[in-house]
Structure formats: C-alpha cells, structure tokens
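Heads up: the structure comes next, in structure tokens.
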Amino acid sequence: MNRASDPRFAEQMKDISEVLFTEEQILKRVGELGACISRDYQGENLILVGVLKGVLFLLADLLRQITIPVELDMLAVSSYSPESRDQGYVRLLKDLELPIKDRHVLFVEDVIDTGLTLNYLLTTLRASQPASLEVCVLFNKTEHRLIDIPLKYKGFDLPDRFVVGYGLDHRERYRNLPFVGVLKAEALR
Ligand code: IMP
Ligand code: MG
C-alpha cells in the first residue's frame, strides 16, 4: 500500500521532495497511541479536544482506535502564518461546546513546532479547570521549540522541514495526501 506512487496523485506529488511517513506507518502508530490512551484512561471521563482543521484526519483515525467511552470537541483558531510565528498570538474563532470542568481532557494536535500555539491553547483550556489536561501530538518538531510542553503521547519526531499531508497543509492544499511528505522549496511560496 504505497499510495505515493499512485499516478492519480501525480499532480500533487510534483511538489513533494520526499515521503517521510507512509500511510501504513502513520496508521500503525496511531493504532499504538489509541491503545495506550485506552489503557491509561480506563474508567475515566475522557474527552479529546482538537483544533480545526489539520487534526481532523488524525482525530478520525485515533478516535476509532480508542476502545473506551470517549467524547470529542473542537476549537478553531486563526490560521498559522509564518509572520505570526514569533508572536505566539492565536485568535480563538470557535470555543468548545462541551463543558470540560472536572473532565480528563486530552488535547490532540497534528504538529507542534515552536509550541506557541499549543501553549496558548492549553493556558486557555486550563482556565476551565479540567481534572487533567494532557497532550497527544502526532508530529513533533523540536528545533524551533520556544516553550517546553510535556507531551504525554507522541507519534513521530520530525526534522526541521515543512511537511504536508495527512491533514497538514500549505495554504490549505495537500491535506488529502494520505502520507506525510516534505514540500519542495519552490512550492513553499
Ligand atoms: P507552533 O505554534 O509553532 O507550534 O505551530 C504549530 C502550527 O504550525 C501547527 O498547528 C501547524 O498549523 C503549523 N505548522 C508547523 N509546522 C508545520 C508543517 O511542517 N506543516 C504544516 N503546518 C505546520
Ligand atoms: Mg494545527
């Protein structure tokens, strides 16, 4: 199952220099994370929280690998732009719908780079006094980390490259690629 070589992806593949993680590798790891989460939160009142839109793909797969009762809620924030990278400024566009006070919250994120976005969101969620607040991130970039955030569940470490696919986008494109690949510099405009 290597859909990177499926000719129907050719138009998008011309912008990809290298596939880092195949669909198979990603789903296997997501399965492992789901199993760990199911074991660790057995008997607890678990709610997964994610930020639109990139994490939808991960959430859909992860949720189906969690075997204990679990609920889901979403936040929406103003989209990340390279210019805002140093500012750590995130605008909340959509708040949670479910109350999280005294709930065990697992914040699920597709990729963490500087940590600024995540830090802002965790601070916001903490104000609602959850019983616990932990983080599950699929792709971890470490080189530009500005804020140290404990990651209870981590999928893969990523090199300092701009990657797309499996929900990750560049200007809203490439989310539909089933694998994660490095975007060529010339496509990074
Ligand atoms: P941070 O605040 O620097 O940790 O940025 C996290 C956000 O930046 C993620 O939620 C993504 O939206 C975006 N991001 C960081 N690196 C990448 C990447 O390689 N591909 C796609 N989006 C990325
Ligand atoms: Mg994101």
Side-chain angles (χ1 to χ4, degrees), residues 4 9 12-23 25-26 29-30 33 48-63 72-96 105-127 133-189:
F9 281 118
Q12 301 193 78
M13 282 311 289
K14 68 176 176 5
D15 296 334
I16 306 295
S17 60
E18 186 189 344
V19 173
L20 293 182
F21 302 103
T22 65
E23 184 173 22
Q25 287 172 316
I26 294 169
R29 189 75 189 108
V30 170
L33 294 174
L48 261 52
V49 170
V51 183
L52 295 169
K53 297 174 252 188
V55 80
L56 283 177
F57 300 72
L58 168 61
L59 275 177
D61 287 332
L62 182 63
L63 229 80
L72 171 67
D73 208 349
M74 307 293 305
L75 293 167
V77 298
S78 55
S79 65
Y80 176 89
S81 72
E83 302 82 59
S84 69
R85 188 177 194 164
D86 301 325
Q87 298 170 5
Y89 175 74
V90 181
R91 198 157 53 94
L92 202 62
L93 301 178
K94 181 203 165 294
D95 207 341
L96 293 179
V105 177
L106 181 60
F107 191 90
V108 182
E109 183 59 302
D110 42 11
V111 58
I112 168 171
D113 186 15
T114 62
L116 290 172
T117 312
L118 191 55
N119 184 59
Y120 172 88
L121 294 171
L122 291 177
T123 304
T124 305
L125 293 178
R126 245 178 238 120
L133 179 59
E134 301 283 357
V135 176
C136 172
V137 64
L138 187 59
F139 297 109
N140 180 36
K141 289 183 172 180
T142 55
E143 281 174 52
H144 297 288
R145 189 65 45 82
L146 295 174
I147 298 171
D148 183 35
I149 299 170
L151 307 174
K152 184 165 186 182
Y153 306 98
K154 195 179 70 175
F156 304 97
D157 285 323
L158 267 192
D160 182 29
R161 317 275 289 278
F162 194 86
V163 297
V164 293
Y166 196 66
L168 296 173
D169 73 305
H170 174 57
R171 302 194 173 187
E172 297 300 329
R173 292 273 177 102
Y174 311 103
R175 293 191 197 277
N176 57 322
L177 294 176
F179 48 84
V180 163
V182 178
L183 195 65
K184 287 182 184 169
E186 58 262 39
L188 242 182
R189 285 182 300 266

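In listed order, ligands and their atoms are each counted from 1.
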Is ligand 1 less than 4.0 angstrom away from at least one heavy atom of R145?
no
With a 6.0 Å cut-off on ring centres, are Y166 and F21 close enough?
no
What atoms in ligand 1 come closer than 4.0 Å to a heavy atom of T117?
1 (P), 2 (O), 5 (O), 6 (C)
Give the atoms of ligand 1, by number and element, whose distance to some non-hydrogen atom of K141 is under 4.0 Å.
16 (N), 17 (C), 18 (C), 19 (O)
Please state which part of H144 comes within less than 4.0 Å of ligand 1, counting heavy atoms only: side chain, backbone, both or neither.
neither
At under 4.0 Å between heavy atoms, which part of D169 makes contact with ligand 1: side chain, backbone, both or neither?
backbone
Straight-line distance of L168 CG to F162 CZ, nearest 0.5 Å:
7.5 Å
Minimum non-hydrogen distance to atom 15 (C) of ligand 1, winning option of D113, D160, L158:
D113
For K154 and L33 the tightest heavy-atom approach is O-CD2, 3.8 Å
Within 4.0 Å of some non-hydrogen atom of T114, the atoms of ligand 1 are 1 (P), 2 (O), 3 (O), 4 (O)
Working note: L151 + N140, criterion side-chain contact (heavy atoms from CB on, under 4.5 Å); need CA distance, chi angles, decisive distance, verdict.
CA-CA 9 Å; L151 307 174; N140 180 36; 3.7 Å; yes
Below 4.0 angstrom from a heavy atom of V111, which ligand 1 atoms are there? Numbered from 1 as shown, please.
6 (C), 9 (C), 10 (O), 11 (C), 14 (N), 23 (C)
Counting N and O atoms only, with roles assigned by atom type, does the side chain of R91 sit under 3.5 Å from a partner on the main chain of V77, one being a donor and the other an acceptor?
no
Any N or O on V164 sitting closer than 3.5 Å to an N or O of ligand 1?
no
Touching ligand 1 at all, G54? Heavy atoms, strictly under 4.0 Å?
no
With L116 as partner, the option from L118, T114, N119 fulfilling side-chain contact (heavy atoms from CB on, under 4.5 Å) is T114
Could you walk me through whether R175 and D169 satisfy the salt bridge (Lys or Arg N to Asp or Glu O under 4.0 Å) test, starting with their C-alpha distance in whole Å, then the side-chain angles of each, then the deciding distance to 0.1 Å, before giving a yes or no?
CA-CA 5 Å; R175 293 191 197 277; D169 73 305; 3.5 Å; yes
Ranking I149, L168, V163 by closest non-hydrogen atom to atom 20 (N) of ligand 1, top hit is V163
Which of the atoms in ligand 1, numbered in the order shown and given with their element, are less than 4.0 Å from a heavy-atom of R161?
19 (O)
For H170, which part has a heavy atom under 4.0 Å from ligand 1: side chain, backbone, both, or neither?
neither
Nearest heavy-atom approach of T22 to F179 is CA-CB, 4.0 Å
Taking the side chain from R29 and the backbone from F156, do they hold a donor-acceptor pair closer than 3.5 Å?
no
